[in-house]
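Residues take their numbers from the sequence shown, with the count starting at 1. All of these numbers come straight from a predicted model, not from anything done at the bench.
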Amino acid sequence: HRVNLNVILCMVLVLQMVSSLFCSNASSSASSSCQVQKQFLLNGIHKAGDVVLGGLFFVHFFSVLPELSFTSEPQEPICHGFNVLGFRHAQTMAFAIDEINRNSKLLPNVTLGYSIYDNCLTIGVGFRGALSMASGQGDQFLLDNNCTAPPPVLGIVGDSSSTHSIAISAVLGLYRVPMVSYFATCSCLSDRQRFPSFFRTIPSDAFQVRAMLQILKRFGWTWVGLLISDDDYGLHAARSLQSDLAQSGGGCLAYLEVLPWSNDTAELRRIVNVMKKSTARVVIGFTHESQMINVMEEVVKQNVTGLQWIASEAWTAATGLQTPDLIPYLGGTLGIAIRRGEIPGLRDFLLRIHPDTDPYSNYKNNIVRQFWEYTFQCRFSPPPAEWLDTGGALCTGQEDLESLATTFLDMSDLRPEYNVYKAVYALAYALDDMLQCVPGRGPFSGHSCASLQKLQPWQLLYYLERISFTTAFGDQVSFDENGDALPIYDVMNWRWLPDGSTMVQNVGVVKKSASTGEELTLDEDRIFWNFEPKKPPQSVCSESCPPGTRIARRKGEPVCCFDCIPCSEGQINSMECISCPEDFWSSPQRDHCIPKTIEFLSYHEPLGICLTTASLLGTLICTIVLGVFIYHRSTPMVRANNSELSFQLLLSLKLCFLCSLLFIGHPRLWTCQLRHAAFGISFVLCVSCILVKTMVVLAVFKASKPGGGASLKWFGAVQQRGTVLVLTSIQAAICTAWLVSSSPAPHKNTQYHSDKIVYECAIGSTVGFAVLLGYIGFLAIVSFLLAFFARKLPDNFNEAKLITFSMLIFCAVWVAFIPAYINSPGKYADAVEVFAILASTFGLLVALFGQKCYIILLRPERNTKKAVMGRSTSKKSTFYQ
């Protein structure tokens, strides 16, 4: 960790000066007094009281340290550059104490006093003031064992600098002296182990960093630069910002540069070159006004425009940066500012300030005298040498403050003053609570209470941690376990006015509450953007990936810099490509999941319509043929072809046509179970009828031969019906066993098409399906072989030829069906099976009944017994049934 050199020097100074906290006894043990070794002559103002509060403010901008030759007593540092606003901060403390003393409800019968010192913005001077307040300023103390006076200072308001507060609070914390800062923001001061007695009424930089992150998030700025000061303020802020960015994933730092304290031209040129080359359009400045002025002068030289600045509270309201030369570059700046408040009566109090009313008015280190001399450009008597000779005026103390146009009396933007006001009241309320303690119910040892006569600073800490009050402006003041007040910041915007001037306007607030957490409120319509068009700029390393792509990190670069790679099919992007759920698929843009297309052989698509039409047409034709045969059942053509088997065959063909409809439409459990069973039983019934017909033909012609008459007794009507029933029952048993053991069921198949769901009937058991087809094939082959053997039997009309041809068509269709079915995915497998059913059924219908219908309907002269039989024998009479 980097250690601030000033802090190290400060600790050395502490070891040198700490002896001033102790008395040096006289050489004689009987001496009745002791004297401090060193009394510091510091700029300040004082007021006596029952209880004294201390204050550290930077009333001067810098100090000149004397030469340390040690040949004579070292002189005190000399402060230069009067800071009017710092003096107003000090006077705000004096006003708050005066207001409390006039309040009969707060600390009644107790008068508060103050000792306020100027730290000259130098850590050594600030330490001198802190030690003086902690040890007292008397030259001599009487040694009295019964002395019960309160300590010189009960608590300190200040310091304004984080570095000063770290050093001073580390020492004062050893003695548990409360220290309430109004301007020190370093997050490190929240460490209760290191700084047990430190409190503050300004939010920690940790909250300021989070407030900036909320602004970045609001406008989508993920690629930012960071400029910091080379001190605890900047370094801790940078560490906090990097940590929060990493945890939130809300952005990245394009660069981090530490600004030099001196006007190092070469270093500033290098830093601005980095800013100029970077693609980051947003720059955060966690630095001080003087450093910002140096870097902005270089920005103007290099004409670096198009930057959106975000200011920390240290320079948000800095008037030194609001110049005509700089505002073209800083216009539109968004800044975090200390909460503005209103302090009624402060202006009147400031107008009543006069050197002659101060009891220390003749004290040359009195800051009221110094303010008066600075404001009216005069000197009190006796003036410095040659002052009068050069035309200088003498101060009378009666000059009129109100007649001067000065920021000292401007009450429109009280920010640090409001924090000073709250800090004083926090100490007062803690003291009031402590003095209202009821003996026997106190928080200290033995339930005791603190008393005004034996008041110790550490006793105040207990109550300071628990105070809670509301200011006249409506803000609640309390401290958390780390000594931090409820955080609240104003968001400011630098508006560049047409006349070239600047107006710093309030456009929002960032606050934290127990109920809602951290909350950013912005009035975006009021924000002035120094860009064309008047809209927020974009500041990203890589544009957000469009829909359908994913982020691919660039090796060795921040996480905000990436490439966009298209997502694979079936995936959508959400930082990373994620797969859609099983029943969903990515949209064409791959930005959201949509339900997959459901595919099955539907009645509404052209293929389904064609197959349905063919099935119904076949059913209709079967019905017509059956009607024709029933109508002409007494004719020789119908009787000669075994009319009963013909009727059964036509009914079975009709069932074959109709069973194909079960393969069309949304698969359901009952259709899946019924389709193959109906198909198998219908075709077995059909083929069984054909087989029995063939066997009857063979038996009749065999009976026509000598000694063959006995064969006909096995093929009577009862035997024919029984044979068909038995053969069909076997198929029914096969189907029943299949349905019971492994029933077909609807199945959503996503293997054929990744973007579709194919609804199909899973056959359940391949063996069952194979046995069903195999049994049909076995009967068809037997029928074909028998018909083939009987095709040359002598007769004018031999039906075996038609059966042979029909079986040849049937077998050819189903042999071609097997490879086509196996290689057809999804609904096309059902379409192939339906086509095979229709093709084979139409083949049987046309082959077996086409010629007969032609003769019956168109050639009735051939529908005679003579034409049908060609020769008449008594043996053939049994063929007519």
Side-chain angles (χ1 to χ4, degrees), residues 569-570 582-586 588 594-619 653 655-683 735 738-739 742-774 776-777 780 809-845:
E569 290 186 352
E582 182 180 2
D583 292 347
F584 291 81
W585 193 249
S586 57
I594 57 176
K596 287 183 178 179
T597 303
I598 297 176
E599 183 179 89
F600 56 86
L601 188 57
S602 171
Y603 288 108
H604 304 291
E605 61 178 302
L607 180 58
I609 292 173
C610 292
L611 294 176
T612 301
T613 302
S615 175
L616 295 177
L617 179 62
T619 303
L653 288 175
L655 291 176
C656 289
F657 279 120
L658 290 175
C659 78
S660 65
L661 297 177
L662 295 173
F663 291 84
I664 305 174
H666 196 296
R668 305 187 185 281
L669 180 61
W670 69 271
T671 58
C672 289
Q673 292 176 336
L674 189 59
R675 62 167 56 173
H676 288 106
F679 155 71
I681 293 174
S682 298
F683 268 86
C735 292
W738 180 17
L739 293 178
S742 182
S743 173
H747 172 63
K748 294 190 294 185
N749 194 323
T750 57
Q751 303 301 316
Y752 299 136
H753 306 284
S754 55
D755 60 339
K756 295 180 181 179
I757 297 176
V758 178
Y759 273 93
E760 60 183 10
C761 287
I763 60 176
S765 172
T766 305
V767 174
F769 186 51
V771 172
L772 181 144
L773 292 178
I776 296 174
I809 295 174
F810 184 87
C811 293
V813 168
W814 286 102
V815 167
F817 159 77
I818 295 174
Y821 181 82
I822 293 173
N823 293 299
S824 298
K827 66 179 182 180
Y828 298 104
D830 291 336
V832 167
E833 191 165 357
V834 172
F835 180 80
I837 291 172
L838 295 178
S840 58
T841 306
F842 271 113
L844 293 176
L845 179 63

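Considering only heavy atoms from C-beta on, Ile776 comes within 4.5 Å of Phe810 through its side chain. Side chains of Leu607 and Leu601 form a contact here, defined as non-hydrogen atoms less than 4.5 Å apart. Val832 is not listed as a side-chain neighbour of Phe663, based on a closest heavy-atom distance of 4.5 Å or more. At a threshold of 4.5 Å between non-hydrogen side-chain atoms, the residues Ser824 and Asp830 do not count as touching. Put simply, the side chain of Phe817 reaches to within 4.5 Å of the side chain of Glu833, judged on heavy atoms.
The two atoms that bring His747 and Ala762 nearest to each other are CB-CB, 3.9 Å, heavy atoms only. Of all the heavy atoms in Gly843 and Ile809, the pair that sits closest is CA-CG2, 4.0 Å.
A distance of 8.5 Å separates OG1 of Thr619 from CG of Leu838, quoted to the nearest 0.5 Å.
Taking Phe679 as the reference, Phe683, Trp814 meet the ring-ring contact (aromatic ring centres under 6.0 Å, His included) condition, with sequence neighbours excluded. In this structure Phe835 satisfies the ring-ring contact (aromatic ring centres under 6.0 Å, His included) test with no other residue, sequence neighbours excluded. Ile757 pairs by the side chain to side chain contact (heavy atoms under 4.5 Å, CB included) definition with Asp583, Lys596, Lys748, Thr750, Tyr759, not counting sequence neighbours.
Judged by distance alone, with hydrogens and angles left aside, the side-chain atoms of Ser615 form no donor-acceptor pair with the main-chain N or O of Leu611 at under 3.5 Å. Between the Thr671 side chain and the Pro667 main chain, no donor and acceptor come within less than 3.5 Å of each other.
Below 30°, between 30° and 60°, or above 60°: for His676 and Trp738 the angle between ring planes is between 30° and 60°, a tilted geometry.
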